[in-house]
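Quantities reported herein were computed from a predicted structural model and do not represent experimental measurements.
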Amino acid sequence: MNQRFCAVESTAVGDPLAGTATHAERNLLLAWPRAKWRRNLRHASDMPEAVSERLDALAAAGRRVNLIHRRDRPSHRHRLYLMPENRGFEVEREALPDFLTAFERGDSLARWAAEPPAGALLLCCTHGKKDKCCAKFGFAAYKALAAAVVDRDLPFEVWESSHLGGCRLAASAMLFPALRKYGRIGAEDVGPLLEAEARGRPYLPCYRGDARLTPVAQCAQLAALEWLEARGHSATPHLADDAGDTDSRRLVFGWRDGARGGRLAVTCRSDTVVRLDTCADLEGDGATPSEVWRATGVEPLPT
């Protein structure tokens, strides 16, 4: 029997990448051996209860917690990153409850301070216990991204990550502190994605959006980026002061590329896709209708 994957079926039904980059701005990333991860994105089988309770409390207070992994890390000394603060820490396992309590209280963390990430932090979801697509497609993308960064001496730290959202869009990756999210990263995308991000630019073929924007604004921004790129502009469009409600269907962006600049109005429409959200749906409720956004027009505005 042919094995089915939600990521393959998502592509087949035309499920768009744009508008799927929802992600918390405030993050705590905790290095923990991937072999011990559980299905929950912040729990591990050998994690002390005092640690898992503190992580759950931080998540309940609005700080997203992800586990991350690199093979060169010691198993019981944990690297932690705070985003968007871009701070790094080194904490022995037995000291983790003290660190997390101090962080929760707003006390000094100076005794655990370490270097911040060596360049942008690139997380690639390899959370196979959550979804088999993240094991199959995510791990292959992680290995290719990590190898390319070393081979080309590029300014990134690449880590495996627990669930980043959108298993059907594997391979998925998240860039910090820019909060740009990517999906469907194939072998052919690895080099161009890293080259674009090294220039501070999103890589459009795999771009899911800027997590700081609403889903419709993410969709509209991608359409504006594609319009500008087709005309030879390397500008990143930003929502204009008079953009209006960022959940509306018509959004205004301003852009500037050196001496050139302008304004663009992007119109979007909602659509429905019948899709699998995860591979678990293959054995559960099956495909269900979901709202997505599609750009329908980009109009230059007078300045």
Side-chain angles (χ1 to χ4, degrees), residues 1-23 31-47 64 66-71 122-149 158-175 180-194 203-209 215 271-294:
M1 293 179 62
N2 292 328
Q3 193 171 12
R4 296 172 65 193
F5 294 91
C6 66
V8 174
E9 303 209 7
S10 169
T11 303
V13 299
D15 189 12
L17 286 173
T20 65
T22 299
H23 202 92
W32 204 284
R34 176 170 51 83
K36 302 296 185 179
W37 295 357
R38 289 182 169 167
R39 194 170 190 274
N40 183 295
L41 80 165
R42 58 182 174 270
H43 290 172
S45 60
D46 61 342
M47 184 176 283
R64 183 184 174 104
N66 271 86
L67 302 182
I68 58 177
H69 171 71
R70 278 170 52 163
R71 291 183 61 186
L122 183 59
L123 305 186
C124 191
C125 181
T126 62
H127 198 171
K129 287 189 175 72
K130 176 72 174 178
D131 193 280
K132 63 185 180 182
C133 285
C134 300
K136 178 178 176 64
F137 304 112
F139 188 62
Y142 163 74
K143 289 193 296 183
L145 288 163
V149 164
V158 186
W159 292 73
E160 298 183 57
S161 173
S162 61
H163 180 61
L164 292 175
C167 301
R168 70 190 186 281
L169 306 174
S172 289
M174 185 83 189
L175 189 85
R180 288 195 281 267
K181 191 173 274 193
Y182 290 98
R184 298 187 183 131
I185 302 169
E188 70 281 3
D189 300 304
V190 167
L193 188 157
L194 292 171
Y203 173 63
L204 303 189
C206 296
Y207 191 42
R208 293 171 59 181
D271 196 4
T272 300
V273 171
V274 179
R275 71 186 186 205
L276 301 166
D277 285 329
T278 69
C279 286
D281 292 337
L282 292 165
E283 300 175 359
D285 296 334
T288 55
S290 296
E291 184 185 44
V292 298
W293 289 98
R294 303 189 192 276

Contact check, side chains of Thr22 and Pro215, non-hydrogen atoms, under 4.5 Å = yes

request  = Please test Tyr182 against Leu193 for side-chain contact (heavy atoms from CB on, under 4.5 Å), starting from the C-alpha separation and ending with a verdict.
outcome  = CA-CA 9 Å; Tyr182 290 98; Leu193 188 157; 3.9 Å; yes

ask   = Below 4.5 Å, heavy atoms only, C-beta onward: do Leu67 and Ser161 meet side chain to side chain?
value = no

query = Do Tyr203 and Val190 touch side chain to side chain, with heavy atoms closer than 4.5 Å?
reply = no

ask   = His23 versus Leu164: any side-chain heavy-atom pair under 4.5 Å?
value = yes

task = Could you please spell out the steps behind the side-chain contact (heavy atoms from CB on, under 4.5 Å) verdict for Val158 and Tyr142?
result = CA-CA 8 Å; Val158 186; Tyr142 163 74; 3.7 Å; yes

query = Once you round to the nearest 0.5 Å, how far does CE of Met174 lie from SG of Cys125?
reply = 12.5 Å

inquiry  = Here's a test for you: under side-chain hydrogen bond (donor to acceptor under 3.5 Å, both in side chains), which of Arg208, Lys181, His163 qualifies with Ser172?
reply    = Arg208

ask   = So how far is it from Asn66 CG to Arg42 CZ, rounded to the nearest 0.5 Å?
value = 9.5 Å

message = With rounding to the nearest 0.5 angstrom, report the OG to CG distance, Ser10 to Asp277.
response = 9.0 Å

query = Cationic tip of Arg34 within the cone over Phe139's six-membered ring, i.e. under 6.0 Å and within 45° of the normal?
reply = yes

query = More than 12 foreign heavy atoms under 6.0 Å from NZ of Lys136: is that the case here?
reply = no

key: Main-chain N/O of Cys279 paired with Asp131 side-chain donor or acceptor, under 3.5 Å   = yes

message = If the test is side-chain contact (heavy atoms from CB on, under 4.5 Å), which one of Leu204, Val292, Leu169 qualifies with Leu17?
response = Leu169

inquiry  = Using every non-hydrogen atom in the two residues, find where Cys124 and Gly138 come nearest and quote the distance to one decimal.
reply    = SG-O, 3.4 Å

inquiry  = I'd like to know whether Leu41 forms a side-chain contact (heavy atoms from CB on, under 4.5 Å) with Arg64, so could you lay out the CA-CA distance, the side-chain angles of the two residues, the decisive distance to 0.1 Å, and finally the verdict.
reply    = CA-CA 10 Å; Leu41 80 165; Arg64 183 184 174 104; 3.4 Å; yes

request  = Could you tell me whether Glu9 and Arg4 have a side-chain N and a carboxylate O separated by less than 4.0 Å?
outcome  = yes

query = Is the Phe137 ring parallel, tilted or perpendicular to the Phe5 ring (thresholds 30°, 60°)?
reply = perpendicular

request  = Apply the test side-chain contact (heavy atoms from CB on, under 4.5 Å) to residues Cys134 and Thr126: give CA-CA distance (whole Å), side-chain angles for both, the deciding distance (0.1 Å), then the verdict.
outcome  = CA-CA 5 Å; Cys134 300; Thr126 62; 5.8 Å; no

query = Considering only heavy atoms from C-beta outward, does the side chain of Thr20 approach that of Arg168 to under 4.5 Å?
reply = yes

query = Just how far is it from atom CG of Asp281 to atom SG of Cys6, taken to the nearest 0.5 Å?
reply = 8.0 Å

inquiry  = Check whether His127 reaches the backbone of Ser162 with its side chain - one donor and one acceptor, N or O, closer than 3.5 Å.
reply    = no

message = Measuring from atom NE2 of His69 to atom NZ of Lys36, what distance do you get when rounded to the nearest 0.5 angstrom?
response = 12.0 Å

query = Counting only heavy atoms not in Glu291, do more than 12 sit closer than 6.0 Å to its CD atom?
reply = yes

inquiry  = When you compare the side chain of Val273 with that of Ser290, does any pair of heavy atoms fall below 4.5 Å?
reply    = no

query = Do Val274 and Val13 have side-chain heavy atoms sitting under 4.5 Å apart?
reply = no

ask   = How about Lys130 and Trp37: do any of their side-chain heavy atoms sit closer than 4.5 Å?
value = no

query = Under the 3.5 angstrom rule, does the side chain of Asp15 hit a backbone N or O of Thr11 as a donor-acceptor pair?
reply = no

